[in-house]
Amino acid sequence: MSRSIVCPAPVPGAPLLEVHAIRQSYGRQEVVKGLSFSLAQGSIGCLLGPSGCGKTTVLRGVAGFEPVSSGEIILNGASVSRPGFMLPPEQRRIGMVFQDYALFPHLSVADNVAFGLHGMSRQGCVQRVAELLEVVGLPDSGRKFPHELSGGQQQRVALARALAPCPALLLLDEPFSSLDVELRERLGQEVREILKQQNTTALIVTHDQHEAFAIADEIGVMYQGVLQQWDSAYNLYHRPASRFVADFIGEGVLIPGTALNGERVETELGLLKGKIPEECYSQRMVEVLLRPDDIVHDDASPMQAEVVHKAFRGADILYTLLLSSGQKVLSLVPSHHNHAYGEKIGIRLEADHVVVFPQAAAENL
Amino acid sequence: MIHIVPKGQIFEDTSSGVICCQGSWTLSHVSNLKQMIEAWNWPASTEILLDCSQLVALDTTGAWLLHRVRKKAALVGSRVMMQDLRPGFVALLGIVEASARDAEVRPQARLGLLEHLGRRFAGHTKQAALMLAFVGEAALAALRLIRQPSRLRIRPLLHNIQSAGFEALPIVGLLSFLMGVVVSYQGAEQLARYGASIFVADLVGLSMLREMSPLLTAIIVAGRSGSAFTAQIGTMKVTEEVDAMRTIGIAPMDFLVLPKLMALIIAVPLLTVYADILGVVGGMVMAKTQLGINFEDFADRLDDAVSLSSYIVGLGKALVFAVIVGIVGCFQGFQVGGSADSVGRQTTISVVQAIFLVIVMDAVFSIIFSWLKI
């Protein structure tokens with residue numbers, strides 16, 4: 001059996017991975033409760049959630065390490081996991097990148113990358129290894145051993161190793177958690193470029209939203225084994241589907257408001273216009289999500305708020321402001337507006353859309 | 001500026017009869033305060049007044065102590081009132097009381113003897129079933145290998161033959177030589193009494209070739225290589241290298257298990273032949289020094305006494321022992337889960353189990369051979 005160097009051309013647009021209502025358990029505890037999503041060929045998906053939400057279990061289910069107790073996983077049009085059946089990982093044509101790299105310590109970098117290239121001619125092997133080391137930016141490290149490289153470099157080698165056999169799907173399990181913060185975002189963007197350049201479909205799991213935003217096209221927010229929302233980063237931030245998503249993604253506060261009709265909601269900061277779901281305005285009392293960028297600083301505004309906390313962030317300052325009613329709100333202000341603690345500043349509401357939730361919802365936050 | 005923080009204490013003001021909490025109730029004074037509270041003779045009234053006006057510092061530990069005082073008093077039916085507690089301390093106490101929850105401490109249920117026995121039995125049965133499944137998987141992988149010999153990983157195979165076989169030569173040689181000496185010495189005295197000294201060749205030859213060499217070799221290999229297999233596979237499991245290998249498309253059976261198993265199947269019988277030779281040499285040396293039997297006479301007698309079948313029986317056993325040691329070593333490696341200390345535990349289990357199974361198998365062989373009269 002010999003493999004060609006050229007990766008099989010993917011069919012654009014067709015869903016490569018489909019996860020249908022899967023449930024997974026550890027012992028008696030169900031950790032994944034009916035989860036569905038699909039990933040198109042060439043796109044990068046991400047499961048984002050706090051630790052213990054079941055995201056890694058889903059990833060290991062897709063890889064073929066953990067069985068599903070109901071539902072089905074379809075990879076490349078073929079059913080790979082369903083109750084009572086699990087295609088072993090070695091037959092799934094996937095690649096995986098692990099949190100702690102999992103490189104083979106006694107093999108050189110080149111041998112690590114070549115590990116999955118069995119059945120290929122010696123020359124083809126050498127060529128493919130050189131090509132991939134070039135792609136991940138380590139063209140001269142082939143002879144080194146993993147322990148001679150830094151964490152970021154090791155993770156690049158792991159990526160090259162996973163990409164070498166041309167996997168149909170690449171899985172990344174918290175790939176940058178062991179790296180320092182600065183490197184994390186940079187490597188995230190680099191990995192995105194590499195994946196896009198190779199036209200590889202990928203599913204990444206992380207608890208870090210900045211990492212998710214840096215690398216993924218579509219992000220699924222998971223909480224307690226349930227997918228809360230599967231959407232673009234923009235929509236997760238600006239149109240969160242649940243209180244959990246609103247709270248988990250970005251910053252913001254919920255302030256009470258009164259829904260006047262299907263389009264307008266009254267708050268103490270003024271009137272907001274936008275589409276309000278029916279279950280909210282029928283109840284009248286609602287909570288409105290205000291992001292820091294929805295409240296702008298305006299000296300001319302009659303509405304005043306007191307600065308109770310501020311966090312300097314370079315270009316901006318994030319102010320925590322106390323309204324006269326005792327309600328606290330957040331505001332992102334360009335950093336040359338430097339106000340002192342206790343100072344009263346004028347603010348104005350400037351939101352182009354409105355996100356409301358029914359008041360006192362039973363959802364867990 | 002140095003603050004001199006007064007020591008936290010609790011005492012009864014004898015003049016007014018009010019209990020005073022004073023000073024700083026913080027972590028550094030907690031052990032003292034705890035002793036004071038425990039030794040305290042609480043008045044048996046329904047309402048106890050605590051004067052907290054002189055309480056200057058309170059942290060969560062101190063608040064927790066106050067909370068305990070309240071709870072203890074509530075048990076005997078009295079209410080504790082805190083007087084003049086500063087507002088900040090009241091808030092802290094509120095937080096501590098709100099988050100303090102009673103955890104029910106249940107005494108650990110002691111297992112009855114029967115239950116204990118049952119659980120152990122169920123555990124061992126499960127292990128046995130898992131091991132059987134592993135044997136099946138290994139057999140299937142071996143069949144695939146026979147159909148497609150190109151799947152064979154030559155390098156790991158040669159490496160394993162070297163480490164499990166070649167590098168074991170000195171220790172196997174030395175121990176079997178000594179074993180030959182011992183057997184010969186023990187037999188010589190008995191046989192000399194009947195004037196049958198020459199039969200020491202029968203004794204040494206048969207016992208070494210049929211029993212001692214295969215057993216000794218298997219035990220040494222279990223200790224040297226079986227444990228190494230477990231440790232290697234176990235470590236690779238902990239570092240997720242096994243998972244990484246599988247996602248790359250390589251079955252651990254093909255890459256990790258079969259080369260090791262084949263290496264033992266090749267190396268252990270060869271080691272046994274080597275042990276046979278050195279064991280007999282040891283017996284010869286001892287027979288010469290103790291009984292004065294010449295090497296030529298010994299070899300002559302050995303030729304008559306030991307049939308080819310005895311030799312083959314020994315080699316057959318060695319082959320089976322090799323499979324046992326290899327399977328147990330690899331299987332226990334895959335049983336490693338979670339952390340690094342599990343590697344050590346499984347390695348111990350691997351050696352004990354391999355030696356146990358080898359000796360049991362040896363006994364089974366003896367029974368079968370006595371039936372078949374081989």
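Numbers restart at 1 for each chain; the letters A, B, ... are given by sequence-line order, proteins then strands. Note that this is a predicted model, so its numbers are computed, not measured.
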Visitor: With B:Leu113, which residues qualify under side chain to side chain contact (heavy atoms under 4.5 Å, CB included), at least two apart?
Guide: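 For B:Leu113, no residue satisfies side chain to side chain contact (heavy atoms under 4.5 Å, CB included) once neighbours in sequence are set aside.
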
Visitor: Checking heavy atoms, do the side chain of A:Leu117, its backbone, both or neither come under 4.5 Å from chain B?
Guide: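 Neither; nothing under 4.5 Å.
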
Visitor: Considering only heavy atoms, which portion of B:Met245 lies under 4.5 Å from any heavy atom of chain A: side chain, backbone, both, or neither?
Guide: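 The answer is both parts of B:Met245.
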
Visitor: Chain A and chain B: which donor-acceptor pairs fall below 3.5 Å?
Guide:
unit_1  : atom_1 : unit_2   : atom_2 : d
A:Arg60 : NH1    : B:Asp243 : OD2    : 3.3
A:Arg60 : NH2    : B:Asp243 : OD2    : 3.1
A:Glu90 : N      : B:Arg246 : O      : 3.3
A:Glu90 : OE1    : B:Arg246 : NE     : 2.8
A:Glu90 : OE1    : B:Arg246 : NH2    : 3.3

Visitor: What do you reckon, is CG of B:Leu114 surrounded by more than 12 foreign heavy atoms closer than 6.0 Å?
Guide: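 It does not: B:Leu114 CG has 12 such atoms or fewer within range.
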
Visitor: Is the number of heavy atoms from other residues, nucleotides or ligands under 6.0 Å of B:Phe121 CZ greater than 12?
Guide: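 Not more than 12 within 6.0 Å, no.
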
Visitor: What part of A:Pro88 is in contact with chain B, defined as an atom under 4.5 angstrom from a non-hydrogen atom: side chain, backbone, both or neither?
Guide: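 Its backbone and side chain both get close to chain B.
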
Visitor: Not counting sequence neighbours, which residues clear ring-ring contact (aromatic ring centres under 6.0 Å, His included) with A:Phe104? List them please.
Guide: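 Here the qualifying residues are A:Phe115.
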
Visitor: B:Ala244 and A:Ala102: which non-hydrogen atoms are nearest, and at how many Å?
Guide: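 Closest heavy-atom pair between B:Ala244 and A:Ala102: CB-O, 4.0 Å.
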
Visitor: Got a sec, which residues hit side-chain hydrogen bond (donor to acceptor under 3.5 Å, both in side chains) with A:Glu148, two or more places apart in sequence or on another chain?
Guide: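 Counting only residues at least two positions away or on another chain, A:Glu148 forms no side-chain hydrogen bond (donor to acceptor under 3.5 Å, both in side chains).
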
